[in-house]
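We number each residue from 1, following the sequence as shown.
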Amino acid sequence: MKPTTIEELNESYLDVLETVCNIESPTDFKKGVDAVGTYFLDMAKQRGWQTEIFEQEVSGNVVCITLNPDAAAA
């Protein structure tokens with residue numbers, strides 16, 4: 001199987017950027033900032049990555065996505 005190149009993924013990367021840019025999410029709009037975080041959490045969950053969310057009362061929630069939780073510490 002031939003490895004995937006950046007050029008082959010370019011369209012899907014642009015789709016992600018377009019989707020995120022179209023979410024109304026100025027810094028002081030918690031609902032929009034949380035929507036961006038949720039978008040990336042959903043994407044990560046679909047790929048089987050470990051996700052955590054730390055709820056914030058005023059600012060956007062903190063999102064943590066771990067691709068390889070068993071990797072040795074650097």
[X], [Y]: one ILVMFWY side-chain cluster at the under-4.5 Å cut-off?
{"X": "M43", "Y": "V36", "answer": "yes"}
{"X": "Y39", "Y": "L14", "answer": "no"}
{"X": "W49", "Y": "L41", "answer": "yes"}

(message) Taking side chain to side chain contact (heavy atoms under 4.5 Å, CB included) as the definition, give me every residue that meets it alongside N68, ordered by chain and number, with sequence neighbours left out.
(response) D70, A71

(request) With sequence neighbours left out, write down each residue that passes side chain to side chain contact (heavy atoms under 4.5 Å, CB included) with E8, or none if nothing qualifies. (result) K2, T4, T5

(message) For a quick test of reading the model, state the closest non-hydrogen atom pair linking V33 to G60 and the distance between them.
(response)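 Between these two residues, the closest heavy atoms are CG1-CA, 3.7 Å.
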
(message) Ignoring hydrogens, what is the shortest heavy-atom contact between A44 and I65? Give both atom names and the distance.
(response)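 In terms of heavy atoms, the two residues are closest at CB-CG2, 3.6 Å.
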
(message) So, using salt bridge (charged side-chain N to carboxylate O under 4.0 Å, His left out) as the criterion, who are the partners of E7 when residues are at least two apart?
(response)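 Result, salt bridge (charged side-chain N to carboxylate O under 4.0 Å, His left out) vs E7: none returned.
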
(request) Please name all residues satisfying salt bridge (charged side-chain N to carboxylate O under 4.0 Å, His left out) with K30, sequence neighbours left out, ordered by chain then number. (result) D34

Side-chain polar contacts of residues 50-58 - donor-acceptor pairs under 3.5 angstrom, sequence neighbours left out - could you list them?
unit_1 : atom_1 : unit_2 : atom_2 : d
E55    : OE1    : N61    : ND2    : 3.2
Q56    : NE2    : F54    : O      : 3.3

(request) Sort and list the pairs that fulfil salt bridge (charged side-chain N to carboxylate O under 4.0 Å, His left out) and have at least one residue in residues 36-51, not counting sequence neighbours. (result)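 Matches after skipping sequence neighbours: none remain.
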
Below 3.5 Å, can you tabulate the donor-acceptor pairs from side chains in residues 16-27 to any protein atom, sequence neighbours excluded?
unit_1 : atom_1 : unit_2 : atom_2 : d
T19    : OG1    : D15    : O      : 2.9
N22    : ND2    : E18    : O      : 3.0
S25    : OG     : I23    : O      : 3.2

(request) Report the hydrophobic cluster partners of Y13, with the cluster defined as I, L, V, M, F, W, Y residues connected by side-chain heavy atoms closer than 4.5 angstrom, directly or transitively. (result) I6, L9

